[in-house]
Structure formats: structure tokens, C-alpha cells
Amino acid sequence: MGTAEITNKLCFGTFYNGLTDCVNHLLCKMSCFCAAVLISQKPKKEEAEHPVTTKKKSKEEIEAAKALKIKKKEEEEQQRWRWWEEDKYEDGVKWKFLEHRGPFFPPEYQHLPDNVNFYYNGKVVKLGLAAEEVALFFAQMLDHEYTTKDVFRNNFFKDWRKEMTLEERVLISDLNKCDFRELHTMHKEKVEARKAMSKEEKLVMKEANQKIVEEYGFCILDHHRERIGNFKIEPPGLFRGRGEHPKQGMLKKRIQSEHEWLPPAGHHWKEVRHDNTVTWLASWTENVQGSCKYVMLNPSSKLKGEKDWEKYEVARRLKSCVNGIRQQYQQDIKSKQMETRQRAVALYFIDKLALRAGNEKEEGETADTVGCCSLRVEHITLHDLLEDKECVVEFDFLGKDCIRYYNKVPVTKRVFKNLTLFMKNKEPGDDLFDRLNTCLLNKHLSSLLPGLTAKVFRTFNASITLQEQLQQLSNMTDNPAEKLLSYNRANRAVAVLCNHQRVPPKTFDQSMAILQSKIDGRREQLALAKSELKLAKKEVKAHSSDSKLQAVVERKKKAVQRCEEQLMKMEVQATNREENKQIALGTSKLNYLDPRISVAWCKNMEVPLDKIYNKSQRDKFAWAVDMTGADFIF
DNA sequence: CCTGTTACTTAGCATAAACGTA
DNA sequence: TACGTTTATGCTAAGTAACAGG
């Protein structure tokens, strides 16, 4: 113990990676160190163990609870690490001191109960642990459409057979003869049972989870306690990529642990690394795509926040020189160099339409999706004239996550002519920009402005759109509900620009109908209240200046007003929800919109910040909340 | 250059938790 | 208080982009 700069990187790999003496040595240090972390957390655990009183709360108690909440909030605020007020480290250094408990591993698989059976060809087959676990993965998914897809089934079956014993493999040769129904039923029952748990049981579960979070969910980074984002190792399961993924159904293997004797969790690390130029705490290699996965900090952390802040600063730098850049690419479209022309047209799209860069991908390894630089001839159609507009480009392609991008865009004559040229003598499957890739494009961009890459345009255009839309749509004289509607509409304009879509919730129509009927009910109520008010007024006139009747009128007036407000609120809500049907606002809010624009807007419009940002969003954007005044301009 | 690797951000969906209402 | 709906969170896939090394 006491050795200063120890634990930092724990890379754990497959079981077969050998341990060197050196790593072993480091590991010992590690475990001592973890013990220390555990001890330091003990007092908090005791606090959590207070018995829960179920008696009814009196008014005083409710008041006290409220006060406690406020106090807690203040305390939290005081404890917050205001890293944005500190000096930055020298280039590349991400931290000077880091301690953590290592990642949390999922529980080992337990055999099925004896009465739950897998059948092959109508006969009970008792599977070994490995094959049974994978069978259960499939059984759990039986309700999903993709267990009917050939690619999914074939990939699954191939990988499943690899997990079988020789005997099992000889016997089980046809997936269609497999009957997983009992496993599926058991799984469904388990889910139901979990739902039906009593309050007390749920509380016990919750506390157990909190204990894990307390133990594994935090690290100490440069003397501050920071939340870790994904401290849990991904459990094994069947890979389901998005869209028509060629690897769907493949087995995502358990990240291997071994050597039971090794404290604390019985895992050994492939390597323990001390590298303060990176931000991850642990990493492993995933077997389906062969890619690396990382344990990293929560968005509220310094490491993430600082990067985020910097991202928006680069975007603001682009704002100050974007006119020049635009002029230049308009010029470049006329260049004699084909490469330059392609680059200019691609940049025109990226800037105008907020397209993603479009890196090349290995064919057959992932679903077929594209971005700007990887567009193919088949993804666009040129129209000299379409719906009264000249020079229209019709885009139709699958982008990230297989989300369809469909757009009809009028472009300049010059761009249109160039596109015609780029498509000449090409097959539909050929690259539109055959002389261009993201590397080339980004090299050019960084020569225009240090730090400038293709994705900066998306950030810049998203943020500037929000700012302009807020300016246009919102009025100080609006009521709070209208102000929020304006904010959401501005946010929506960005989401549309960035093509952030979602499938409408299954219950959308139903919940819309419910809201509508509530609105209708409230309308009737309002009409009633109004006529009652009229009546009351008449009464007053008849028996002039009776103070009692006067009070009745006042009361009725208030009732009408209240009713109007509520109706208005619901109507706004309905509009907002309808407009949001297929659009996801979260992604742009979290990743593309400079939070300072929203903070400043809230201040100017006198809208409480928590109407715009929930708790975790406020935590993520704490730097912006703290430093932004009403005068901020992106 | 090209190709593979590494590190990091961005993405939508499923599920859990919170909330409002009968 | 229970229930159904709405909102927040967790999960992990899928991108971007820099870099190393041939």
C-alpha cells in the first residue's frame, strides 16, 4: 500500500493471454489498493441500512423531506468539482492520479431447473452448461422477429454448435428440430415474477444494486470522486446489429475470468497499464466484430466535460470563418482538379445538409450504410425540374444505424452539373466521389482551421440553427407553455436537420386519443364554467352590489381562468407530441447543441432550467450552467 | 499512400423508475 | 394505493478521426 501512482488501466483479455511476472506483481498492488477503496466507503453503507418506515407521513415530515432535498442539492452543488475554473494540463495528459475498483463482471451462468427442458426432435436433451446458456439466449428472443430471419438463425446455429460438446454436436444438426419453448416460457415467467415483486422485495433489489454502484461505479481522478459511465462488463448474448447486419445472431462471448484464487473478484488482467494520455479505465476485445470496448467516465465527469466544451469552442471558431470557407468551396467546384471538385461538392453537402463524413467500412462486416464521402451513384437521383424547382437532388440512402435519409434538395447549377459529371459512365454501385475519402477531406479542413473536421460542421450547423430558431420563435410575452413549445420547435428543427428519427411509440395513437379526450372534457368544463360565470354576473346586476354575490363572481372568474390555462397547456402538449411523433430530440440536445445557448435562453426568457434539462443533463452541462450569462452568443 | 488499430463520440431502443390520476 | 402512462436511464452498436507502420 501507499505506493502512489498505481491502478489505472486494467485490460482484461481472453483467458489464453499469458500472465508475466511483472503483471502479476502489479496485480498484487492492485488488490491491496482496492481493499483501501472499499474501507473508505463503509460509513455510507451503514447510512443506507436504516430501516424504512412505512407509516403515513405527516405534513411536517413532508416539509422536512423537502428541506432535506434542497439541502442535499446545495451540498451536491458545493461538492461539485469546478474543473472549468482550473488550469488545463499540458497537451495529451488526461489525469495525474487515478484509482478505481476495476469493472463489474456479470454473474456466472447457472444451470436450468430440472423441470425445464430443451427438446431435440421431440426428445428431452440435457445440455451441458455452455450449450445450455447459449440455447437460453436464443429462447429468450423467441418473440422477436429476428429469430425467424435466416441470417440470424444460421449465425446463431453455427456459433451455438461451437459451444456444444462433441456428443451434443453430433446429435443437434438442425435448428428446426430444436424446441426451446419451455426455456422461453420459463424466461417469460421470470420477467413476470420480477414485475410482480412486492415493494419490499423491489427495495431489497434496489439497495443491492446501489451497493454495486457505490463500490464499482466511481473512481478517484485527481482527488475528485467521479462517476464511471459503464462499469459493468457487457454480459454474453446474441449479437443483434442494426438493420440487415451480416453478423446478426452470432454469439457474443462472455469476457473470460479465471484463476479463482486472485482477489478481489477472481479475475486476472491481461495487462495493467499506466497511461495517463488516455481516458479509459479498462478495456476488452469483443469477439463478434473484433473491436475494442472501453470502460469510461460518466458524461458529468471532467474528462468528458472538458472535451465537450472544446468541441463547441471549435464549432464557434468555425462560425467565425465559415463565410470564407463557403466562398472557397464554391470556387473549388470550378477547379480543374477532379479531386478538388469532388471535395468541394462533398463539403457543400456536409455544410448544407449536415451529412456525416462517411468513412469507408469493410464490406460484409457490417450493414450497408453510407455517409457523405461514401455515397454511391445509386443513392442520388438528379432532376432538372421537380415540383417547380430546378436542379433538384433526391437523396435516398441508409445512414448510421440504418436510419433512412430521404431528402429532395435544390442545389446550385454548378453543383448539379458536377454531380452529372461524377455520375457519368458509372454503375449504380460505384462511388459518387471516387477521388475522395474522409481522410483527404479532413486533411484539407484542418489546413483551413486547426481542429476542423467534417463533423464540426454538424455541430456548428446544429447549434447555430438552434440559436436562430429560438430567436425567431420565442417571445418574452408568451406564457410558459408556449415558451417551451418554441424551445421544442427549435430543437426539432435541429433534429430534422440531423435526421434524428425514431419509430413512433407503439402506444402513440392511443395516448394521443387519451389526451384528446381529456382536452374535449376540459373544453366542456370550460364552457360550463363560463356560463356559470355569466349567470353569476347577472345575479350581481339584479341584486346590485351584494358583496356575497360579488365574491361568487370572483370565484367563478378564477375557475374560468384556471380552466383556460389547463386547456391551453394540454393543447400545447398535444401539438408538441404530434410534431414529435417520428423525431427524436434527445440526440441533438445531448450531442450537438451548445448547452450555453439553452442556458442563456432560459435566463432571457425566465424559464427554469429544469424545464429544458433533466438532472443528468444538468450534471453533464454543469460547466455551461455555471459559466453562462444571459448575454451568451454562440 | 494504404491498412489496420485505437480511442473516443454519437445513436436508437429496451427497460426501469417516476409520475399523475382514478 | 394501485395502476397505467410518461420520462429517464442503461445498454451497446455504430459512427468519426487520428495514428502507426509497412
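A note on names: the letters A, B, ... follow the listed sequences, proteins ahead of strands, and every chain is numbered from 1.
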C:dT7 P sits how many Å from A:K611 NZ, rounded?
12 Å
A:Y613 six-ring face occupied by A:R618 cation (under 6.0 Å, within 45°)
no
Residue pair A:E360/A:P235 against DNA chain C: nearer the 5' end by closest nucleotide is A:P235
With a 4.0 Å cut-off on heavy atoms, is A:T369 in touch with a base, just the backbone sugar-phosphate, or nothing at all?
sugar-phosphate
B:dT9 C1' sits how many Å from A:D308 CG, rounded?
9 Å
Distance, rounded to the nearest Å, where A:E363 contributes CD and B:dT3 contributes P:
13 Å
Taking the side chain of A:T453 as its heavy atoms from C-beta onward, which of B:dC13, B:dG12, C:dA17 lies nearest to it?
C:dA17
Return the value, rounded to whole Å, for the distance between atom CZ of A:R254 and atom C1' of C:dT12.
17 Å
Closer than 4.0 Å, any side-chain N/O of A:Y592 to the OP1 or OP2 of B:dT9?
no
Do A:K293 and C:dT12 have a side chain to base donor-acceptor pair shorter than 3.5 Å?
no
So A:A367, base contact, sugar-phosphate only, or nothing? Heavy-atom distance under 4.0 Å.
nothing
Would you kindly give the CD1-to-P distance between A:I612 and C:dA8, to the nearest whole Å?
12 Å
Hey, does A:K252 reach any base, or is it just sugar-phosphate, or nothing, if we go heavy atoms under 4.0 Å?
sugar-phosphate
So which protein nitrogen or oxygen atoms get under 3.5 Å of nucleotides 4-8 of chain B's nitrogens or oxygens?
unit_1	atom_1	unit_2	atom_2	d
B:dA7	OP2	A:Y294	OH	2.9
B:dC8	OP1	A:K94	NZ	3.2
B:dC8	OP2	A:T279	N	2.9
B:dC8	OP2	A:T279	OG1	3.0
B:dC8	O5'	A:T279	OG1	3.3

Looking at C:dA17, B:dC13, B:dT10, which one has an atom nearest to any side-chain atom of A:A454?
C:dA17
Classify the nucleic acid contact of A:G358 as base, sugar-phosphate or nothing, counting any heavy atom under 4.0 Å across all strands shown.
sugar-phosphate
Pair A:F156 and A:F137, ring centroids less than 6.0 Å apart
no
Just by distance, with hydrogens left out, do A:T279 and A:Y294 show a side-chain donor and acceptor under 3.5 Å apart?
no
OP1 or OP2 of B:dA11 under 4.0 Å from side-chain N/O of A:H500
yes
Are more than 12 heavy atoms, taken from residues, nucleotides or ligands other than A:K361, located less than 6.0 Å from that residue's NZ atom?
yes
Side chains of A:S374 and A:D431: donor-acceptor distance under 3.5 Å anywhere?
no
Measuring to OP1 and OP2 of C:dT16, would you say a side-chain N or O of A:N359 lies under 4.0 angstrom away?
yes
Please report the distance, rounded to the nearest Å, between CG in A:N442 and C1' in B:dT9.
14 Å
Just checking, is any N or O donor in the side chain of A:R596 or A:Y312 under 3.5 Å from an acceptor N or O on the other one?
no
Is A:R240 close enough to B:dA14 that one of its side-chain N or O atoms is under 4.0 Å from OP1 or OP2 there?
no
Between C:dG4 (C1') and A:L515 (CG): distance, integer Å:
15 Å
Mind checking if A:R356 touches a base, just sugar-phosphate, or nothing, with heavy atoms under 4.0 Å?
sugar-phosphate
When the distance from OH of A:Y613 to C1' of C:dT9 is rounded to whole Å, what number comes out?
18 Å
If you look at every strand shown and take non-hydrogen atoms under 4.0 Å, does A:A357 touch a base, only sugar-phosphate, or nothing?
sugar-phosphate
Hey, does the side chain of A:K311 come within less than 4.0 Å of B:dT10's phosphate (OP1/OP2), counting only N and O?
yes
Categorize A:I514 for me: base, sugar-phosphate, or nothing, with a 4.0 angstrom heavy-atom threshold over every strand shown.
sugar-phosphate
Just to be sure I understand the rule, does A:N614 reach a base, reach only the sugar-phosphate, or reach nothing, if contact means heavy atoms closer than 4.0 Å?
sugar-phosphate
Touch check for A:K455, heavy atoms < 4.0 angstrom, all strands: base, sugar-phosphate only, or nothing?
sugar-phosphate
Note, A:L398 side chain near A:I403 side chain (heavy atom, < 4.5 Å)
no
Could you check A:N209 against A:L590 and say which one's nearest nucleotide on DNA chain B is further toward the 5' end?
A:L590
B:dA11 OP1/OP2 closer than 4.0 Å to side-chain N/O of A:R458:
yes
Validate the cation-pi geometry between A:K88 and A:W309: distance from NZ or CZ to the six-membered ring centre under 6.0 Å, angle to the ring axis within 45°.
yes
Quick one: label A:Q510 by what it contacts on the DNA or RNA (base, sugar-phosphate, nothing), any heavy atom closer than 4.0 Å.
sugar-phosphate
Is the number of heavy atoms from other residues, nucleotides or ligands within 6.0 Å of NZ (A:K569) greater than 12?
no
Quick check on DNA chain B: between A:S588 and A:H144, whose nearest nucleotide comes earlier from the 5' end?
A:S588
Under 4.0 Å between a side-chain N/O of A:S616 and OP1 or OP2 of C:dT9, yes or no?
yes
Side chains of A:D434 and A:Q342 only: does a donor on one sit below 3.5 Å from an acceptor on the other?
yes
Presence of A:Q501 side-chain N/O under 4.0 Å of B:dG12 phosphate oxygens OP1/OP2:
no
Take A:E234 and A:G371, find for each the nucleotide of DNA chain C with the closest heavy atom, and name the residue whose nucleotide sits nearer the 5' end.
A:E234
